[in-house]
Protein chains: 2
Amino acid sequence: MLNSYSSADKVLLAVDCIIFGFDNEGLKILLIQRDFEPEKGKWSLIGGFLKRDEVLDAAATRILNTYTGLNDIYMEQLYAYSEIDRDPVERTISVSYFALINIENHNAELIKNYHAEWFPINDAPNLIFDHNEMVENAIKRLRYKTSIKPIGFELLPEKFTMRQLLELYEAILSKELDKRNFISKINSLEILNKLDEKDMQSSRKGSYLYTFNKEKYEEKLLNNFVLNL
Amino acid sequence: MLNSYSSADKVLLAVDCIIFGFDNEGLKILLIQRDFEPEKGKWSLIGGFLKRDEVLDAAATRILNTYTGLNDIYMEQLYAYSEIDRDPVERTISVSYFALINIENHNAELIKNYHAEWFPINDAPNLIFDHNEMVENAIKRLRYKTSIKPIGFELLPEKFTMRQLLELYEAILSKELDKRNFISKINSLEILNKLDEKDMQSSRKGSYLYTFNKEKYEEKLLNNFVLNL
DNA sequence: GTATTAAGTGTAAAATTGACATTAATAATT
DNA sequence: AATTATTAATGTCAATTTTACACTTAATAC
């Protein structure tokens, strides 16, 4: 019998989250030092097991909330990893998710208690199991997705400067962008609100703050608009 | 204890394949009429359960081989579907794969024996469970992927005409393309071999046959070449 | 009031895309 | 042998998009 439920093998299903953050130092990921065996003490993605009554998205959300205290976070399912011995304890298939969070909003104390820490994506420790591969793939997907959808704003504070936006894109794409060309491209999209307010931290002159205009973006989406950065 | 293997719930893991084919009638998918409960007699994607000692890619390959007799098929993992009651019998997470096959090569008899059948993507029956959603997402991914990687050739015979290639892209993107612009774009990529041979089926004049030059493509890949169709 | 610092702005050349119509080659028909 | 019918093959120009590039402005610190 080719398809019989009863004879099929059951497996553990895990969720691992690649949590991206961005601050003035660049693009970072949140890693945790495992406090249980195997690989106790080693760095790992934040993860957990799927529960019987839970969908994968919910598991990812729950896990993220547990470790950061955050809700309503942008998440996206990436890929299912299934190498036989990827987890030495027991056959476990892991589904990776990436999350984009505003690094200033997370619960710093909670993270500390869990021995979690932010690492620059280019200067992160070696990770357990196949987590390095998961991160690599997540970065690729982040690059692709930010270039076609305005998800980059999830990584910025509500109000941001053009410089911050530029540096975010430079960090994600890991290449330098021409300031003038970038700004005129962004302006041509007409999906930002320019505020009257200025950020006075970075310069004497001060630079205007912007917010992402989600309504305008969604209105444009209806007319086959594609972000193309 | 947040992460304990022993307390975690195990689930069934299935693989469902969206098998694309292409012939002179257009883009098609291979569906099967289920011969077991639940939903016996209804149309379904071709699928099966993951075995204990098997990685997902291998399960997908095995399932494809079982129903079509084909090996060495282009496959790509798509997404894990995990709605609680997506399968009414038992909690089952399904990982979808898409496969691209040359419709002329498959084992027609095998397919017939399994009550499988090719359907035009725009004229396929309603499917069981969440399989309609899987197909929709697979088509989106196929569109994306064919526009950046030369995987479309997997759907064509070894030797093909420019017209076939054009019609394939039109079918996948489901829009008309300008013949002259398409051909000059393709030629500018320099990844095809133009043969001396002509196909005489379609016209009196006959049209030149081409093959995909994989070596040349991979050579170009090294120089940041991107297909952009 | 002068110096300092990052913000803000425009133009021209190059490359790409998109629209569009005629000629060429061959087999079938007479 | 000439004509017809059918699809294959080919090129140009305008519009748009992308890329490269440098000076002025605003505000504060001294």
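Since this is a predicted model, take the numbers as computed values, not measurements. Order of the sequence lines fixes the chain letters, A, B, ..., with proteins taken first and strands second; residue numbering starts at 1 for each chain.
Around atom CG of B:Asp72, no more than 12 heavy atoms belonging to other residues, nucleotides or ligands sit under 6.0 Å away. Environment of CD in B:Glu167: crowded, with over 12 heavy atoms of neighbouring residues, nucleotides or ligands closer than 6.0 Å.
Rounded to 10 degrees, the angle between the two end axes of the helix from C:dG1-D:dC30 to C:dT30-D:dA1 is 10°, with five pairs used at each end.
Ring centers of A:Phe129 and A:Tyr81: at least 6.0 Å apart, outside the cut-off.
Both the sub-6.0 Å distance and the 45° axial angle are satisfied by A:Lys194 relative to the ring of A:Tyr208.
Taking a cutoff of 4.0 Å between a charged side-chain nitrogen and a carboxylate oxygen, A:Glu39 and A:Lys42 qualify as a salt bridge. A salt bridge links B:Glu190 with B:Lys220: the distance from a Lys NZ or Arg NE/NH1/NH2 to an Asp or Glu carboxylate oxygen falls below 4.0 Å.
The ring pair (Phe, Tyr, Trp, His ring centres under 6.0 Å) check on B:Tyr144 picks up A:Tyr144, with sequence neighbours excluded.
Distance, A:Leu166 CG to C:dT9 P: 15 Å, rounded to whole Å. If you measure from atom CG of B:Asp199 to atom P of C:dA27, you get 13 Å, rounded to the nearest angstrom. When the C1' atom of C:dT5 is taken as reference, atom CD of A:Gln201 falls 15 Å away, rounded to whole Å. Whole-Å rounding puts the B:Met200 CE to C:dA24 P distance at 18 Å. One atom, NZ of B:Lys198, and another, C1' of C:dA24, lie 9 Å apart when rounded to the nearest Å.
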Derivation of the side-chain hydrogen bond (donor to acceptor under 3.5 Å, both in side chains) call for A:Asp16 and A:Ser94: CA-CA 7 Å; A:Asp16 286 303; A:Ser94 174; 2.6 Å; yes
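The nucleotide whose nearest atom lies closest to any side-chain atom of A:Tyr208 is, among D:dA9, C:dG8, C:dT4, C:dG8. When distances run from any side-chain atom of B:Ser203 to the nucleotides D:dT7, C:dA27, C:dA7, the shortest one goes to D:dT7.
Within the 4.0 Å cut-off from OP1 or OP2 of C:dA6, not a single side-chain nitrogen or oxygen of A:Arg163 is found.
With hydrogens and angles ignored, a donor-acceptor pair under 3.5 angstrom links the side chain of A:Arg204 to the base of C:dT4. A donor and an acceptor atom sit less than 3.5 Å apart, one in the side chain of B:Lys205 and one in the base of D:dA8.
Projected onto DNA chain C by closest heavy-atom contact, B:Asn228 and B:Gly206 fall at different nucleotides, the more 5' of which corresponds to B:Asn228.
Of the residues in residues 174-194 of chain A, those lying under 4.0 Å from DNA chain D by heavy-atom distance are A:Asp178, A:Arg180, A:Asn181, A:Lys185.
With no hydrogens or angles considered, no side-chain donor-acceptor pair links B:Asp199 and B:Tyr210 at under 3.5 Å.
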